[in-house]
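Taking it in order: structure first as C-alpha cells, then the write-up.
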Amino acid sequence: MLKKVGIIAIIVFIMLGSVGVFAVTASGENVLNSEQTTELVQMKESTKATVSEYIEKYGSTPYGIAAYILAAVRVYSIPFCFVGIAIGSIYQYVIGIRKLDVRDKGFALIITFVTILLICQVLPLIFAIVVNGWRG
C-alpha cells in the first residue's frame, strides 16, 4: 500500500513540476535569430514550390505528394542503406570470424539493406511509369 502511494506521489510531483519550454530566453528575446528564421522560411517556400511542381507534373494533389515523398525516400535511403551494409559487413567479416551466428546475422543485414536500397531506388521509377503511362 505504501509503495502505491509513493508511486502516485512521484507521478503527481512529476506532472506538477513539469513546465512548458518555449524558445524564449529569460530576458524575453527569441532564441532564433533573424538569419535562422529566414533560412527556415526559405526552406519552407522551396519545399512548397517543389511539391507544387510535382502536383503540376502528375496532375493531382495525391499523386504529386506521393511523388515528392518517393523522391525524398530515394535520396535519403542511400546513406542509410550504406551505413546498414557497412554494419552488416562488420558483423560478417570482422566479428563473424569467431562466431558463426553473428556471421549469419551480418549476412542477413547485408541482404536486407541491399533489398531496401533497391526497392527505394526503383519505386519512384515504377510510380512514374504507372501514373503517367497507364493513367493517360
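- Hydrophobic clustering of Ile, Leu, Val, Met, Phe, Trp and Tyr side chains at less than 4.5 Å, counting indirect connections, unites Tyr91 with Phe80.
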Would Ile78 and Phe82 satisfy side chain to side chain contact (heavy atoms under 4.5 Å, CB included), going step by step from the backbone distance to the final call? CA-CA 6 Å; Ile78 295 170; Phe82 280 156; 3.6 Å; yes

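- Residues Val75 and Leu123 do not share a hydrophobic cluster, defined by chaining ILVMFWY side chains whose heavy atoms lie under 4.5 Å apart.
- Residues Leu70 and Tyr76 are members of separate hydrophobic clusters, defined by side-chain heavy-atom contacts under 4.5 angstrom among Ile, Leu, Val, Met, Phe, Trp and Tyr.
- Counted within 6.0 Å of CD on Gln121, heavy atoms from surrounding residues, nucleotides or ligands total more than 12; the atom is thus considered enclosed.
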Which pairs would a plain distance check flag for residues 104-120, meaning a side-chain donor or acceptor within less than 3.5 Å of a matching protein atom at least two apart in sequence or in another chain?
| residue | atom | partner | partner atom | Å |
| --- | --- | --- | --- | --- |
| Thr112 | OG1 | Ala108 | O | 2.7 |
| Thr115 | OG1 | Ile111 | O | 2.7 |

I would like to know whether Phe127 and Tyr58 meet ring-ring contact (aromatic ring centres under 6.0 Å, His included); could you show each step before the answer? CA-CA 11 Å; Phe127 177 79; Tyr58 288 100; 5.6 Å; yes

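- Shortest non-hydrogen contact noted between Pro124 and Arg74 is CG-CB, 4.1 Å.
- Taking hydrophobic clusters as Ile, Leu, Val, Met, Phe, Trp and Tyr residues chained together by side-chain heavy-atom distances below 4.5 Å, Ile85 shares a cluster with Val102.
- A heavy-atom distance below 4.5 Å is found between the side chains of Tyr68 and Thr47.
- Annotation for Glu45: atom CD counts as buried by contact number, over 12 foreign heavy atoms lying within 6.0 Å.
- Residues Ile65 and Tyr54 fail the side-chain proximity criterion, which asks for heavy atoms closer than 4.5 Å.
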